[in-house]
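For clarity, every value in this text was computed on a predicted model and none was experimentally measured. Just so you know, these numbers use all the heavy atoms, side chains as well, and skip hydrogens, waters and symmetry mates.
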Amino acid sequence: MDVSQRRLLDVLATPDARFVIPLYQRTYSWGHDQCEELWLDILRAARYGRNHFCGTILYLEATGKDAPASGGVNLLEIIDGQQRIMTVSLLIVALARFLDEKGMMCNGRDGAALRRELLTIEVHGKRETKLVPSQPDRTVYLNAVLGDSPFGDKRASGELATEAAAASGVASRVLANISFFATRMEEDGFDPDELMQGLERLLVIMARVDDARAAQPIFESINSKGMPLNVADMVRNYLLLSEERAEQARMYREYWQAIQGMFAPDPGSLRLDTAIKSWLAIRLKGARIRSPEQVYSSFKRFVEDHYRGAKEPILRELRGFSLMWAESYRYHGVKKYKSGSDWAELGAPALTSGYKLKKPDNEEYAARVREELRAIDEKW
């Protein structure tokens with residue numbers, strides 16, 4: 001297996017390569033939430049001048065009987081990573097249309113240049129799409145790229161349009177996601193040059209499989225082996241990973257160890273994950289958080305798009321919030337013993353601050369817990 005790290009746009013711009021999604025692959029399935037997260041990641045990459053890793057593309061080079069039909073280009077069969085490469089292609093479709101409509105250039109390229117470089121390839125003397133989706137999505141995608149007939153292909157405006165309309169019920173996500181990106185581009189402050197700068201910072205791991213028989217075990221290893229990271233794992237890694245080793249150790253001891261310990265025993269970090277989700281519900285107004293993936297993406301949105309400050313105050317507030325939230329699980333006998341503390345540092349004061357504390361139901365138990373909490377406070 002040959003593995004290399006490459007910029008995704010360089011992959012798409014490979015002049016003699018065409019990417020084919022096999023028929024056995026699932027249809028294109030990314031929705032609004034995944035597209036929005038990709039959009040934000042791209043803009044953050046441009047804003048902060050940093051690369052963004054967006055996954056692995058596992059592929060197999062088509063050989064033998066498939067080669068003659070290729071029209072002299074290399075056919076790369078995408079085994080894993082089709083959702084990412086498809087979504088980025090749809091974003092480029094929307095960007096090319098935006099440039100056409102506005103009569104604008106983007107980093108020196110107009111819409112036609114973007115299509116020619118990143119979306120299409122010449123096969124047997126005709127312009128075809130560089131990406132060939134699986135069958136249910138194929139016609140709609142072909143029409144989305146070629147439908148405006150930028151290369152004078154009558155099929156684009158004729159039979160393809162008819163087939164696309166018939167298939168739109170199956171492949172509606174293709175059209176819906178182009179529309180999503182187009183809507184984002186119409187918002188005030190949108191800068192196509194900034195978007196392209198972010199796109200140029202998308203990195204992927206290109207993993208070529210030489211033997212088709214090895215493809216499935218590798219696919220399974222990438223997608224289903226091992227224990228997936230939970231929300232708490234990802235939040236902890238995000239807050240600590242970029243720090244120097246000594247700072248990592250200090251911040252872990254002073255903050256994360258205490259945060260985690262408040263919910264122990266907590267198999268799978270379910271209680272801590274709930275606490276983080278609840279904290280975000282206060283900090284990121286209007287966030288729709290329904291799944292673990294949305295918790296982490298909302299966390300990143302708050303930190304990078306709203307807060308934009310140092311990491312330590314976030315850890316300090318999470319520690320204070322977690323101490324209050326842990327009462328829901330452990331300190332029922334004490335009721336709101338610590339809930340009245342001003343845990344909030346990054347925004348509005350804690351809603352519970354200033355409330356009169358309830359009398360404990362069990363004074364003996366409450367006294368014991370107070371001692372435990374004082375020990376925690378002194379340890380901090």
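- Taking the charged nitrogens against the carboxylate oxygens, K311 and E247 have no contact shorter than 4.0 Å, which rules out a salt bridge.
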- Take K277 and V231, measure what side chain to side chain contact (heavy atoms under 4.5 Å, CB included) needs, and give me the verdict at the end. CA-CA 9 Å; K277 177 180 177 180; V231 171; over 6 Å; no
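- Here the closest non-hydrogen pair linking I121 and P15 is CD1-O, 3.4 Å.
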- Passes salt bridge (charged side-chain N to carboxylate O under 4.0 Å, His left out), K102 versus E186? Steps please. CA-CA 10 Å; K102 305 296 183 182; E186 292 295 337; 3.4 Å; yes
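- Annotation for G55 and R84: closest pair CA-NE, 3.8 Å, computed over non-hydrogen atoms.
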- Query: Is there a side chain to side chain contact (heavy atoms under 4.5 Å, CB included) between E37 and C35 once you walk through the steps?
  - Reply: CA-CA 5 Å; E37 184 61 21; C35 288; over 6 Å; no
- Query: Hey, mind stepping through N107 and E200 against side chain to side chain contact (heavy atoms under 4.5 Å, CB included) and telling me if it holds?
  - Reply: CA-CA 11 Å; N107 285 14; E200 290 173 346; 3.9 Å; yes
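- The main-chain N or O of F19 is never found under 3.5 Å from a side-chain atom of K130 such that the two would form a donor-acceptor pair.
- Ionic pairing of R47 and D305 is present here: one or more N-O contacts between side-chain nitrogen and carboxylate oxygen are shorter than 4.0 angstrom.
- F180 has its ring centre no less than 6.0 Å from the ring centre of W30.
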- Message: D33 vs Q294, test: side-chain hydrogen bond (donor to acceptor under 3.5 Å, both in side chains). Steps then yes/no.
- Response: CA-CA 8 Å; D33 292 337; Q294 290 171 328; 2.5 Å; yes
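- For F190 and F98, the ring centers are positioned less than 6.0 Å apart.
- Looking at R115 and R97, their side chains come closer than 4.5 Å, going by heavy atoms from C-beta outward.
- Although no hydrogens or angles enter the test, the distance criterion places a donor-acceptor pair under 3.5 Å between the side chain of Y307 and the main chain of A310.
- Shortest non-hydrogen contact noted between S89 and L119 is O-CD2, 3.7 Å.
- From I79, atom CD1 reaches atom OG1 of T56 across 12.5 Å, with rounding to the nearest 0.5 Å.
- Using a 4.5 Å cut-off between side-chain heavy atoms of Ile, Leu, Val, Met, Phe, Trp and Tyr, with links allowed through other members, V93 and M104 fall into the same hydrophobic cluster.
- Ring geometry, W279 versus F299: the interplanar angle falls from 30° to 60°, so the pair is classed tilted.
- Proximity of L202 to I42: side-chain heavy atoms (C-beta onward) are separated by under 4.5 Å at one or more points.
- In this structure, N74 contributes its side chain and A17 its backbone to no donor-acceptor pair below 3.5 Å.
- Under the 4.5 Å side-chain heavy-atom criterion for ILVMFWY residues, a single connected hydrophobic cluster contains both L58 and F53.
- A donor-acceptor pair is defined here as one N or O able to donate and one able to accept, closer than 3.5 Å; no such pair exists between the side chain of D110 and the backbone of M105.
- Between the CG atom in L284 and the CZ atom in F302 there is a gap of 7.5 Å [rounded to 0.5 Å].
- In this structure, W325 and T274 have side chains that are in contact, with non-hydrogen atoms separated by less than 4.5 Å.
- Between M196 and L114 there is a side-chain heavy-atom pair separated by less than 4.5 Å.
- Side-chain atoms of D233 come within 3.5 Å of backbone N or O of N230 as a donor-acceptor pair.
- In this structure, S4 and I205 have side chains that are not in contact, with every pair of non-hydrogen atoms separated by 4.5 Å or more.
- In this structure, E244 places its CD atom where only 12 or fewer heavy-atom neighbours from other residues, nucleotides or ligands lie under 6.0 Å away.
- For the atom pair CG (L239) and CE (M234), the distance works out to 12.5 Å, reported to the nearest 0.5 Å.
- Residues R283 and I314 fail the side-chain proximity criterion, which asks for heavy atoms closer than 4.5 Å.
- Shown here for N177 and H32, the closest heavy-atom pair between the two residues is OD1-N, 4.4 Å.
- Between I21 and V132 there is no side-chain heavy-atom pair separated by less than 4.5 Å.
- Using a 4.5 Å heavy-atom cutoff, the side chains of M185 and L195 are in contact.
- The pair R18-E77 fails the salt-bridge criterion, with no side-chain N (NZ, NE, NH1 or NH2) lying under 4.0 Å from an Asp/Glu carboxylate O.
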- Task: Under the side chain to side chain contact (heavy atoms under 4.5 Å, CB included) rule, what do R6 and M206 come out as? Steps first, then yes or no, please.
- Result: CA-CA 7 Å; R6 298 184 61 188; M206 295 296 292; 4.1 Å; yes
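- In this structure a side-chain-to-backbone donor-acceptor pair under 3.5 Å is present from R138 to P133.
- Among the candidates K300, R184, R301, E304, the single residue satisfying the side chain to side chain contact (heavy atoms under 4.5 Å, CB included) test with L40 is R301.
- No donor-acceptor distance shorter than 3.5 angstrom exists from the side chain of S322 to the backbone of R319, with no hydrogens or angles considered.
- At distances below 3.5 Å, not a single donor-acceptor pair connects side-chain atoms of Q257 with backbone N or O atoms of Y252.
- In this structure, the separation between OG1 on T87 and CG on L91 is 9.0 Å, given to the nearest 0.5 Å.
- Taking CG of L175 as the reference point, atom CG of N143 lies at 8.5 Å (rounded to 0.5 Å).
- Minimum interatomic distance between A46 and G198 (heavy atoms only, all atoms of both residues): CB-N, 3.6 Å.
- Within the model, atoms CG of L118 and CG of D10 stand 9.5 Å from one another, a figure rounded to the nearest 0.5 Å.
- When all heavy atoms of Y141 and L131 are compared, the closest pair comes out as CE2-O, 3.3 Å.
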